[in-house]
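Structure record follows, encoded as structure tokens.
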Protein chains: 2
Amino acid sequence: MSLTFADVEAAAARIAGHAVVTPLIESPALNERLGARVLIKAETLQRVGAFKFRGAYNRLVQLSPEERRRRVVAFSSGNHAQGVALAARLLGMPALIVMPSDAPAIKVAATRGYGAEVRLYDRLTESREQIAAAIAAERGAVVVPAFDDPHIAAGQGTVGLEMVRQAQALGATFDLVLAPVSGGGLLAGISLAVKALSPATAIWGVEPAGFEDLRLSLEAGERVTIKPTGRSLCDALESPAPGVVTFPILKQALAGAVAITDPEVAEAMRYAFATLKLVVEPGGAVGLAALLTGKVKLNAGQTAGLVLSGGNVDPELFARVINGEI
Amino acid sequence: MSLTFADVEAAAARIAGHAVVTPLIESPALNERLGARVLIKAETLQRVGAFKFRGAYNRLVQLSPEERRRRVVAFSSGNHAQGVALAARLLGMPALIVMPSDAPAIKVAATRGYGAEVRLYDRLTESREQIAAAIAAERGAVVVPAFDDPHIAAGQGTVGLEMVRQAQALGATFDLVLAPVSGGGLLAGISLAVKALSPATAIWGVEPAGFEDLRLSLEAGERVTIKPTGRSLCDALESPAPGVVTFPILKQALAGAVAITDPEVAEAMRYAFATLKLVVEPGGAVGLAALLTGKVKLNAGQTAGLVLSGGNVDPELFARVINGEI
């Protein structure tokens with residue numbers, strides 16, 4: 001299946017009335033600081049606190065009646081887990097989610113709260129894909145990948161569709177759009193929508209320093225898999241490679257990719273807390289960090305579309321960040 | 001001047017393009033918890049992080065050219081301070097703000113950040129009204145009260161005007177509306193708008209326990225001034241009496257007033273952090289607390305309009321709240 005904008009439009013019709021049409025927020029203080037205009041797509045306000053519900057619902061709602069009687073299995077560090085768990089509950093399917101034992105507690109608790117069974121695994125000694133595949137084979141379940149799936153990417157692309165239309169309603173056109181990237185489901189989906197509706201808009205991917213697989217892949221012209229040497233504050237963005245489904249779209253659409261360090265992410269989270277009054281998780285704040293640091297430059301008078309992709313952060317970590325301890 | 005809905009409409013026209021039209025947010029998780037529908041007016045996303053900018057701008061923009069050449073003086077624990085400071089800056093007026101020395105640091109810093117001169121006073125040994133009046137007389141300045149002024153209350157009422165119209169755009173009608181109350185500028189302004197546009201809507205004021213001057217005044221049928229015996233977590237809501245301008249409106253419009261304790265406020269702030277992903281200050285969260293505690297009851301299927309009035313909270317306090325230390 002070759003993914004197109006029509007798939008994003010079809011996804012938008014499927015999730016209508018189920019996903020929240022999140023607001024496009026404007027902060028005069030941020031505009032003033034940057035000497036430009038930033039329209040903020042607050043996916044922190046989406047169901048499950050992150051955009052992931054969109055793709056999960058778009059995927060699960062298309063299962064056949066026979067598939068729906070089976071169990072859904074997903075593996076995720078947290079936001080996809082919650083998205084699949086809630087979508088499965090709404091569709092009356094049992095869900096089993098495989099999560100790393102060091103995932104943020106708030107994400108594990110929320111996933112269980114949506115009624116899913118959670119199986120924790122050790123990130124260092126076990127392979128989550130093998131665990132999930134074994135469970136799926138054993139129980140005849142449907143495995144729902146986090147990003148490398150056309151229906152997942154199309155569902156996430158509704159973020160871009162909504163952004164462009166909401167900006168149009170304000171009489172604005174995006175000079176550029178920034179979104180976080182891990183495996184690229186969100187960014188590929190957004191790219192399809194934005195390039196279809198606003199072809200001149202430059203699209204930037206933002207990834208954590210040390211997980212620059214997108215930048216390296218764009219430079220190489222093919223998918224590069226990195227060997228991470230450490231962790232990032234951005235627990236949601238630690239994929240070692242862009243997806244098979246997502247990379248061809250990204251390669252064609254993107255202006256480029258930039259990387260954000262942990263201190264830069266923490267500073268962006270503090271800005272979101274103190275000035276925007278929004279709770280943003282580390283992985284959700286990298287686009288804001290790219291603007292605040294000038295790693296993605298906005299010229300005077302330009303308009304940017306900024307995706308704050310999630311807000312699921314443990315209170316202990318958030319407290320340390322806003323107190324300046326990170 | 002007798003205040004009417006026409007004054008709120010006139011204020012809306014004056015602040016258009018200057019104040020943010022804040023979004024009306026819906027959380028399926030909150031709806032599910034309450035078995036009802038809550039539409040959240042996020043004034044945390046207003047300029048200066050609180051609704052106060054609306055009234056301050058509506059007041060200052062109506063000054064005569066001669067008055068505009070003078071200095072503006074206001075006294076405030078923080079949010080009115082910031083509202084006046086920013087409105088004055090936008091209108092090219094110098095501002096002097098008198099603030100208690102124990103006001104939240106974030107509010108003092110932000111007020112200075114908008115270019116105002118700040119004079120701190122000791123809450124226990126000095127009278128802020130006397131200080132402000134003396135300064136005003138000395139410099140020929142214009143004193144802008146925090147709530148007991150028709151133009152201030154009319155400006156705050158634009159919150160209610162926007163809420164009702166935004167709900168109508170969703171096909172919804174409010175069965176009830178809740179807003180925090182200190183001196184009553186916000187609640188009186190909202191009452192004028194809501195009762196004009198949606199007469200059957202019940203309006204509730206929510207105040208901090210120990211500062212129940214509104215409830216006592218409603219019971220007495222006249223303004224009652226309390227002698228507080230302690231402080232509240234809600235630094236923004238410590239007025240000892242409803243206003244002369246605001247009380248007659250409140251007396252006519254309100255269904256009632258309820259009081260929220262500090263632990264209940266802290267719990268509502270945690271809910272806003274963990275589930276709504278919004279940063280809400282204590283005084284801004286009392287309406288949410290009233291719903292979560294059931295002190296204001298929503299029947300199954302009813303729709304409530306909830307004002308989250310501000311998000312200006314020191315990181316140290318916010319960290320303690322989300323870590324469950326308060």
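Chain naming here is simple, since letters A, B, ... match the order of the sequence lines and numbering starts at 1 in each.
Here the closest non-hydrogen pair linking I322(A) and F318(B) is CD1-CD2, 3.7 Å.
The ring-ring contact (aromatic ring centres under 6.0 Å, His included) contacts involving residues 27-48 of chain A comprise nothing, where partners must be two or more places apart or lie in separate chains. Identified under the salt bridge (Lys or Arg N to Asp or Glu O under 4.0 Å) test for residues 282-293 of chain B, with sequence neighbours left out: none.
Contacts with chain A were tallied for G324(B), A42(B), G311(B), A272(B); G311(B) has the most, counting heavy-atom pairs under 4.5 Å.
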Check every N and O of chain A against chain B and note each donor-acceptor pair under 3.5 Å, with its distance.
from    : atom 1 : to      : atom 2 : distance (Å)
E32(A)  : OE1    : R89(B)  : NH2    : 3.1
E32(A)  : OE2    : R89(B)  : NH2    : 3.3
R89(A)  : NH2    : E32(B)  : OE1    : 3.1
R89(A)  : NH2    : E32(B)  : OE2    : 3.3
K277(A) : O      : V279(B) : N      : 3.1
K277(A) : NZ     : G311(B) : O      : 3.2
K277(A) : NZ     : N312(B) : OD1    : 2.7
V279(A) : N      : K277(B) : O      : 3.1
G311(A) : O      : K277(B) : NZ     : 3.2
N312(A) : OD1    : K277(B) : NZ     : 2.7

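Just one of I25(B), V20(B), L45(B) meets the side chain to side chain contact (heavy atoms under 4.5 Å, CB included) condition when paired with I25(A); it is L45(B).
With sequence neighbours excluded, the residues satisfying side-chain contact (heavy atoms from CB on, under 4.5 Å) with A88(B) are L60(B), M93(B), A95(B).
Taking 4.5 Å as the limit, every side-chain heavy atom of L276(A) sits out of range of all side-chain heavy atoms of V279(B).
Both the backbone and the side chain of V313(B) come within contact range of chain A, each with at least one heavy atom under 4.5 Å from a heavy atom of that chain.
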